[in-house]
There are 2 protein chains.
Amino acid sequence: MKLSKTEEQLMQHLWKLQKAFMKDILEQYDEPKPATTTIATLLKRMTDKGYVSYTTFGKSREYYPLIKKEDYFSNHLNGLIKNFFNDSASQFASFFTKETNLSDTELKELRKIIDQQLKDNNQ
Amino acid sequence: MKLSKTEEQLMQHLWKLQKAFMKDILEQYDEPKPATTTIATLLKRMTDKGYVSYTTFGKSREYYPLIKKEDYFSNHLNGLIKNFFNDSASQFASFFTKETNLSDTELKELRKIIDQQLKDNNQ
DNA sequence: ATTTTACCTCTACATTTGTAGAATTAAATT
DNA sequence: AATTTAATTCTACAAATGTAGAGGTAAAAT
C-alpha cells in the first residue's frame with residue numbers, strides 16, 4: 001500500500017534521521033508543529049503499511065524506515081513515467097531537461113553522468 | 001486542488017482524446033469498465049476542481065481538459081523534486097540517469113538535448 | 001408511439017486521510 | 001514519594017476518495 005502525502009513527509013524525516021525517537025521527529029517539523037498524537041497515528045499507520053519499524057527502548061521507541069529512499073523513489077518515478085510518458089523514460093528525460101531550468105553547470109554535470117553511463121554500458 | 005489518482009487516470013484519457021463524450025471515455029477503460037455513474041461523478045468533481053470543462057451538445061456533453069498535460073506534469077515534478085531532492089533538479093537528474101535503465105540510443109539522445117539546451121542558454 | 005439507450009443528477013456508503021483529544025503509563029524531575 | 005513530562009493507545013470525526021444504484025429525461029431505434 002502506498003503512503004499518503006503526509007506520511008511521505010514523515011518518511012523524509014525518518015530517512016534523514018535514520019533512527020528517531022518521537023521527540024527527534026517532532027523537532028524536524030516547523031512551527032506550528034503537529035500534535036504528538038498526530039505523529040503517533042501516522043507512525044502506527046506507516047508501521048501497518050510496512051514502511052516503518054522500531055526498536056523498543058524502555059517505554060519509548062526508536063523508529064526507523066524499512067525502505068530506502070532511493071527504492072521508494074524509484075518506484076514512485078516509474079509509476080510517474082508509466083503514467084505520463086507511456087512508459088518511455090527517454091521521453092520523460094527529454095521533457096525533464098526542457099522543463100526544469102537547469103543551469104549550465106548542472107547541465108554539464110548531467111552530461112558528464114551520461115557520458116559515464118555510456119562508457120559503463122560499453123565495457 | 002490536486003487531482004486524485006483515479007482522477008489523474010481519467011485526465012490521461014482526456015489528454016489523449018482532447019475532446020470526448022462519455023462513451024469515448026468509457027471506451028478507453030479496460031475491462032472491467034467502471035460504471036458510467038462513477039465516471040460521471042469523477043468528471044463532476046474534476047470540473048469542480050477546475051481541471052475539466054465541457055460543451056453541451058443537446059443532452060450530452062463533450063468534455064475537455066482545461067490544463068495541458070505538460071503543465072500539470074511540470075508542477076507535479078517540481079513537487080516531487082522539492083520533496084525528494086531538496087529542491088535540487090540536478091541531484092534529481094543524476095539520480096534519474098542512474099536509476100532508470102536508458103539504452104545507449106536514449107542516452108545519446110538525451111545528451112543531444114542537453115547540448116542543445118546548453119547552446120540555447122548561451123544563445 | 002413505445003421501448004431502449006445514453007447520460008445526467010442525487011444520494012449513499014465504505015475507506016482513507018488529516019488531525020487531535022482523553023486516558024494511560026512509564027520515566028524523569030523536584 | 002509526588003509531580004511533571006513524554007510517549008502510547010484508543011477513540012473520534014470531518015473531508016476526500018472510489019464506487020455505484022435510483023430516478024429522470026432526451027434522443028435513437030424499432
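The chains referred to below are lettered A, B, ... by the order of the sequence lines, with proteins before strands, and numbering in each begins at 1.
- Around the NZ atom of A:K49, the shell of radius 6.0 Å holds more than 12 heavy atoms that belong to other residues, nucleotides or ligands.
- For DNA chain C, the neighbouring residues in residues 16-23 of chain B, judged by any heavy atom under 4.0 Å, are B:M22, B:K23.
- Residue whose closest nucleotide on DNA chain C sits further toward the 5' end, between A:M1 and A:F57: A:M1.
- When heavy atoms are screened at a 4.0 angstrom cut-off, B:S4 is found touching the sugar-phosphate backbone but no base atom.
- Relative to the side chain of A:T6, the nucleotides C:dT17, D:dT8, D:dT19 differ in distance, and C:dT17 lies closest.
- For A:T37, the listed nucleotide lying nearest its side chain is C:dA22; candidates were D:dT17, C:dA22, D:dG21.
- The closest side-chain heavy-atom distance from A:I25 to A:L43 is below 4.5 Å.
- Across every non-hydrogen atom of B:I67 and B:D71, the tightest pair is CG1-CB, 4.1 Å.
- The aromatic ring centroids of A:F73 and B:F92 lie less than 6.0 Å from each other.
- With D:dT17, C:dC7, C:dT17 as the choices, the nucleotide that has an atom nearest any side-chain atom of B:S60 turns out to be C:dC7.
- Nucleic acid contact for A:Y63: sugar-phosphate only, since backbone atoms but no base atoms lie under 4.0 Å from a heavy atom of the residue.
- Side-chain atoms of A:Y72 and A:E8 include a donor-acceptor pair closer than 3.5 Å.
- Take the nearest nucleotide of DNA chain C for A:T41 and for A:L3: the residue whose nucleotide is more 5' is A:L3.
- Nucleic acid contact class of A:K2 (heavy atoms, under 4.0 Å, all strands): none.
- Comparing C:dA20, D:dT19, C:dC8 against the side chain of B:R61 picks out C:dC8 as the nearest.
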Run the side-chain contact (heavy atoms from CB on, under 4.5 Å) test on B:D24 and B:H13 for me, step by step, so that the C-alpha distance in whole Å, both residues' side-chain angles and the decisive distance to 0.1 Å come before the verdict. CA-CA 9 Å; B:D24 305 320; B:H13 295 141; over 6 Å; no
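- Both B:K49 and B:A35 sit near DNA chain D, but only B:K49 has its closest nucleotide nearer the 5' end.
- Contact check, B:K5 against C:dT16: no side-chain N or O comes under 4.0 Å of OP1 or OP2.
- Within the 4.0 angstrom heavy-atom criterion, base atoms lie near B:A40.
- Listed pair B:K33 / D:dT19 fails the phosphate criterion, with no side-chain N or O lying under 4.0 Å from OP1 or OP2.
- Dashed line: the shortest gap from a side-chain N or O of A:T38 to OP1 or OP2 of C:dA20 is under 4.0 Å.
- Contacts of A:R45 with the nucleic acid, taken as non-hydrogen atoms under 4.0 Å apart, include base atoms.
- The stretch residues 104-116 of chain A participates, sequence neighbours left out, in these side chain to side chain donor-acceptor pair (under 3.5 Å) pairs: A:S103-A:E106, A:D104-B:N122, A:R111-B:D115, A:D115-B:R111, A:Q116-A:D120.
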